[in-house]
Number of protein chains: 2
Amino acid sequence: MTYHHGNLRKVLLDRAAAVIAEQGIEALSLRALARDIGVSHAAPARHFRDKADLLRALATEGNHRLLDYVLAAADAAGTDPLVRYNALGQAYVRFSLEFPAYYRTITHPEVAAHADTDLRQSRQRWHEIVADAAREAQAAGWLPDEDVEDIVIYSTATVRGVAAMLADPTQSSMPKRQDLDSFIERMVRLIIDPEAPQKSLPGNKAPKRNPERKRK
Amino acid sequence: MTYHHGNLRKVLLDRAAAVIAEQGIEALSLRALARDIGVSHAAPARHFRDKADLLRALATEGNHRLLDYVLAAADAAGTDPLVRYNALGQAYVRFSLEFPAYYRTITHPEVAAHADTDLRQSRQRWHEIVADAAREAQAAGWLPDEDVEDIVIYSTATVRGVAAMLADPTQSSMPKRQDLDSFIERMVRLIIDPEAPQKSLPGNKAPKRNPERKRK
DNA sequence: GCAGAATGTTGTCAATGACAACTTTGGAGG
DNA sequence: CCTCCAAAGTTGTCATTGACAACATTCTGC
């Protein structure tokens with residue numbers, strides 16, 4: 001058994017993520033973590049100044065993973081701007097379900113409050129990604145009169161809210177596991193519907209139309 | 001000075017709300033609370049089984065206040081179903097800004113996870129209120145083909161998300177104090193626009209239309 | 001190899017939540 | 001009016017935790 005652990009930092013982060021996924025951020029204890037790993041109670045301090053520092057590292061890594069995840073999904077969705085924007089939103093919600101530990105740290109108020117430069121930049125990049133996608137969607141006819149900033153914040157808020165409600169065990173009338181995909185698809189389609197490139201502008205005094213499409 | 005405090009329960013709740021509003025839920029300490037009020041460190045235990053119990057009480061009270069708040073706002077908005085639905089959403093966001101302590105406890109994951117019957121019922125009532133309002137809005141021509149449940153969850157998610165982002169100091173490009181009203185109005189109008197009773201259905205293959213209305 | 005930086009360890013402290021045992025108070029019923 | 005008991009408050013204690021200091025070991029660049 002080596003005195004030096006070798007990769008304690010990574011092990012700490014991984015184990016912390018597991019604990020958070022299972023029992024939530026509140027349940028995370030540096031000492032319990034060290035105990036689990038089989039290292040002295042002060043060892044984590046060599047890698048993280050304090051508890052907040054560990055959470056910040058987790059949030060930063062999570063943010064990068066999130067960006068990779070949603071960009072991959074958007075690219076996989078093709079080149080249609082509306083489809084791409086839609087895929088971005090769906091991927092965001094899916095990430096929150098697939099990597100709850102990262103997502104929780106990312107959105108944890110305390111973590112956000114003490115965000116460092118790296119974390120802030122990562123968040124800023126999300127903002128830019130969505131803004132670019134929104135501009136392309138606008139060029140394709142979606143909400144052409146709305147402020148891009150407004151659209152970005154509105155879209156982000158909605159997917160954040162959906163993710164929050166999916167994580168909330170109190171919430172009644174939430175979809176079962178097997179209906180998750182359909183549910184997410186419907187929620188994000190209420191933001192932007194790829195099948196309706198000519199989606200009307202809220203505020204437009206649009207003429208009558210024929211509601212011919214039905215929910216399947 | 002009486003041995004009995006008389007209204008310690010209420011004082012604890014009020015002081016806790018103040019602390020949470022100033023420094024967040026994490027900063028709340030039962031002992032510090034007792035110290036502040038001038039009572040022994042074990043006194044709070046007579047009124048709240050543990051810390052979670054105090055937060056639950058705060059969340060329950062906050063939920064009732066929230067419902068009163070949004071219902072009053074909706075009633076003040078008049079009888080037009082679309083205007084009413086819109087007012088509901090705006091009031092929700094406003095509540096989160098006016099009573100951050102209550103709102104934080106209401107949406108705190110740990111609190112939600114250990115919600116009691118009373119709290120669950122209160123949340124259920126929100127759901128019903130929004131569902132009723134959504135049905136009336138549908139009758140007025142808004143999103144007639146969407147599932148009411150979907151609309152309710154979508155709307156709730158969005159206002160929750162907007163509230164969360166307004167509370168997030170990391171978030172860049174957030175409105176300044178004096179622009180808050182306009183910002184909230186715009187966000188909620190993206191959910192439902194009272195000035196566009198004929199708002200198209202996402203998914204409708206609507207014909208061309210004339211984008212004549214401009215953002216002021 | 002060797003000096004110093006990295007990394008880990010033991011020891012300690014104050015703060016906290018929770019609990020137990022005891023005290024004071026106030027009120028309901030005789 | 002008095003008595004008794006439950007409600008409300010107090011002191012004392014314990015285990016856990018995060019943080020820090022002082023010390024030990026290992027790794028690395030030179």
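Order of the sequence lines fixes the chain letters, A, B, ..., with proteins taken first and strands second; residue numbering starts at 1 for each chain.
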In B/S/- notation, 5' to 3', how is nucleotides 5-10 of chain C contacted by protein heavy atoms closer than 4.0 Å?
-> -BBBBB

Under 3.5 Å, which donor-acceptor pairs link side chains of residues 114-121 of chain B to any protein atom two or more places apart or in another chain?
from, atom 1, to, atom 2, distance (Å)
B/H114, ND1, B/E110, O, 3.0
B/D116, OD1, B/L119, N, 3.0
B/R120, NE, B/A115, O, 3.4

What pairs of donor and acceptor atoms, side-chain ones from residues 69-84 of chain A against any protein atom, are under 3.5 angstrom apart with sequence neighbours left out?
from, atom 1, to, atom 2, distance (Å)
A/Y69, OH, A/E98, OE2, 2.6
A/D75, OD1, A/R84, NH1, 2.9
A/D80, OD1, A/L82, N, 2.8
A/D80, OD1, A/V83, N, 3.3

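Ring to ring, A/F99 and A/F95 are close: their centroids are under 6.0 angstrom apart.
Rounded to an integer number of Å, the gap from CG of A/L55 to P of D/dG18 is 10 Å. Separating the CD1 atom of A/I25 from the C1' atom of D/dG18 is a distance of 17 Å, rounded to the nearest angstrom.
Applying the side-chain hydrogen bond (donor to acceptor under 3.5 Å, both in side chains) definition to pairs two or more places apart or across chains, those involving residues 33-59 of chain A are A/R15-A/D36, A/D53-A/R56.
In this structure, the side chain of B/S96 does not engage the main chain of B/Y103 through any donor-acceptor pair within 3.5 Å. Listed for the A/E195 side chain is no donor-acceptor partner under 3.5 Å among the backbone atoms of A/R189.
Between B/Y85 and B/E136, the side chains place no donor N or O within less than 3.5 Å of an acceptor N or O (distance only, hydrogens not considered).
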Atom pairs, protein N/O to nucleotides 13-17 of chain C N/O, distance under 3.5 Å:
from, atom 1, to, atom 2, distance (Å)
C/dT16, OP2, B/R35, NH2, 2.6
C/dG17, OP1, B/L30, N, 3.3
C/dG17, OP1, B/K51, NZ, 3.3
C/dG17, OP2, B/S29, OG, 3.3
C/dG17, OP2, B/L30, N, 3.0
C/dG17, OP2, B/R31, N, 3.2
C/dG17, N7, B/R31, NH1, 2.5
C/dG17, O6, B/R31, NH1, 2.8

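Remark: B/S182 pairs with B/R186 by the side chain to side chain contact (heavy atoms under 4.5 Å, CB included) rule, at least two apart or across chains.
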